[in-house]
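See below for the structure under consideration.
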Number of protein chains: 2
Amino acid sequence: MKKILIVDDEKDILEFLGYNLRKEGYEVIEAKTGDEALHLVKNNIPDLIILDVMMPGIDGIETCQSMREMPKLKDTLIIFLTARNEDFSQIAGLDAGADDYVSKPIKPKVLLSRIKAIFRRNQTQSDLESYGDVEINYDTKQLKFKGKEQSLTKKEYDLLLLLCSKPGKVFNREEILQSVWGGDVVVGNRTIDVHIKRLREKTSSDYIKTVKGFGYKFIF
Amino acid sequence: MKKILIVDDEKDILEFLGYNLRKEGYEVIEAKTGDEALHLVKNNIPDLIILDVMMPGIDGIETCQSMREMPKLKDTLIIFLTARNEDFSQIAGLDAGADDYVSKPIKPKVLLSRIKAIFRRNQTQSDLESYGDVEINYDTKQLKFKGKEQSLTKKEYDLLLLLCSKPGKVFNREEILQSVWGGDVVVGNRTIDVHIKRLREKTSSDYIKTVKGFGYKFIF
DNA sequence: TATAATGTTAACTTAATGTTAAGTGATTGT
DNA sequence: ACAATCACTTAACATTAAGTTAACATTATA
């Protein structure tokens, strides 16, 4: 399940949010200051950070900026908690790299739907393409088949990508060699088959079809 | 390279997007209003249009609708830029003929991957040739006869392709052997007939005619 | 009608692909 | 720098579909 970090200096808010989020099935970790949060995320990468803007010490905006500079957190979403009518900080917050904001006083229902929405939106916007049960993530070079994550090697990834670039089209061995191995590389004639076999193991033999005499095609 | 038109009333956005897209090698043109955009595309057909929904004057949705009525732009893709949580306009935008949408604030990486994805997705029509009820798909190596898909073996495909290359022309056995089997291959004299029979089963005996003493021809 | 050409069928042969495991080279972490 | 791991390639062998053949049936035309 998704991991959420809440950062707020008020103990009441931490408890209140923590209770509501845990009830929804999220894993929740907490921090009372920006410093504590920055320290925490070094070994504990959350999927979402809910960050209070107004905090003693380094405030939410600074914390956010520091977080955005950490490569580990590149896929982590950040939501700001702002006091009502604090327009300026909303704008500053978005510049600082936040993905959304929620105004206090917090209504649990509102917050939860925003959280769901932001996870959903982020899913849509991540760099992937899906073909039926087969989902290719261009960022992580991973294949998700029927919800199950599988990592692909470079050749497998290139090969699958080629086949998926035109589902249904038959790619002959020359085209495959040209595209995946490059024009001048010479490899034995069973090499392609072996990679096809591995891809078939990671998906299901149904998706990659052999067209004897011509080559291979991807269908879904 | 691909040409992209950005339409947004905010100068900052134009600059920001323009910079990021040019850096990726795209040719970028810009417009500040829907009117300007509509005027611009008359002589300058982009491959992709990134269109802000909220604009003074005619908004993005209206602009999109007008564009979709221009035959010149039939192959042009449109991506909407929407403010956050603007769910209604997202739906309306897709109805208006947009191909995708991206929410503000814009993350260059997200936008670029969406652009790549959309170009990828859209390069998906296969090339084929049809002769009456007979349709040959060069990509899938399949035959579609009266809407019914049939797969062809290599010899069947080569043979059908030869006959279809000049409908009406009679190909004698020597020509067929030369073209489909290659000059030096020697096969028995019933081999061609067997393949013709199989092709006739997959289409209908009406399409491939025997010209006794000479050879075969394809008619439609 | 006679006969040479083509149609049809099913068994047979071959070429293409599938599979496996071992070997080789590259990459990673310590 | 080193070991350890991982990706990739290779080659032998297994399997399968495509292609071929030959016997026999049918048809068109002189």
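Letters go in sequence order (proteins before strands), and every chain restarts at 1.
Residues I50(B) and L5(B) are not in side-chain contact: their nearest non-hydrogen atoms beyond the backbone lie 4.5 Å or more apart.
Y216(A) comes within 4.0 angstrom of the backbone, heavy atoms only, and of no base. Note on K155(B): only backbone sugar-phosphate atoms sit closer than 4.0 angstrom, heavy atoms only; bases stay farther off. Across all strands, T153(B) comes closer than 4.0 Å only to sugar-phosphate atoms, never to a base (heavy-atom distances). Residue contacts shown for T191(B) include a base, since a base heavy atom lies under 4.0 Å away. Across all strands shown, R198(A) has heavy atoms under 4.0 Å from base atoms, whether or not it also approaches the sugar-phosphate.
Close approach of DNA chain D to chain A, defined as any atom under 4.0 Å from a non-hydrogen atom of the protein, starts and stops at dA7(D) to dA18(D).
Here K2(A) does not pair with E27(A) in a salt bridge; the nearest charged N to carboxylate O distance is not below 4.0 Å. Taking a cutoff of 4.0 Å between a charged side-chain nitrogen and a carboxylate oxygen, R200(A) and D193(A) do not qualify as a salt bridge. The pair K166(B)-E175(B) fails the salt-bridge criterion, with no side-chain N (NZ, NE, NH1 or NH2) lying under 4.0 Å from an Asp/Glu carboxylate O. A salt bridge between K3(B) and E30(B) is absent, with no side-chain N of the basic residue lying under 4.0 Å from a carboxylate O of the acidic one.
Following rounding to the nearest Å, K154(A) (NZ) and dT27(C) (P) show an atom-to-atom distance of 10 Å. Taking atom NZ of residue K209(B) and atom C1' of nucleotide dT6(C), one finds them 15 Å apart after rounding to whole Å. Look at CD1 on I192(A): it is 9 Å from P on dT17(C), rounded to the nearest Å. The distance from atom CG of N172(B) to atom P of dT6(C) is 10 Å, rounded to the nearest whole Å. Computed from coordinates, the I196(A) CD1 to dG18(C) P distance equals 8 Å when rounded to whole Å. Note: CZ (R190(A)) to C1' (dA21(C)) measures 15 Å, nearest angstrom. Taking atom CZ of F214(B) as the reference point, atom C1' of dA4(C) lies 14 Å away to the nearest angstrom. For E201(A) and dG18(C), the CD to C1' distance is 11 Å, given to the nearest whole Å.
Every side-chain contact (heavy atoms from CB on, under 4.5 Å) that S151(A) has, sequence neighbours left out, goes to Q142(A).
In this model, the phosphate group of dG7(C) is approached by a side-chain N or O of T210(B) to a distance below 4.0 Å at OP1 or OP2. Of the side-chain N and O atoms in R173(B), one or more sit less than 4.0 angstrom from OP1 or OP2 of dT6(C).
Both tests pass for K169(B) against the ring of F171(B): distance under 6.0 Å to the centre and angle within 45° of the axis.
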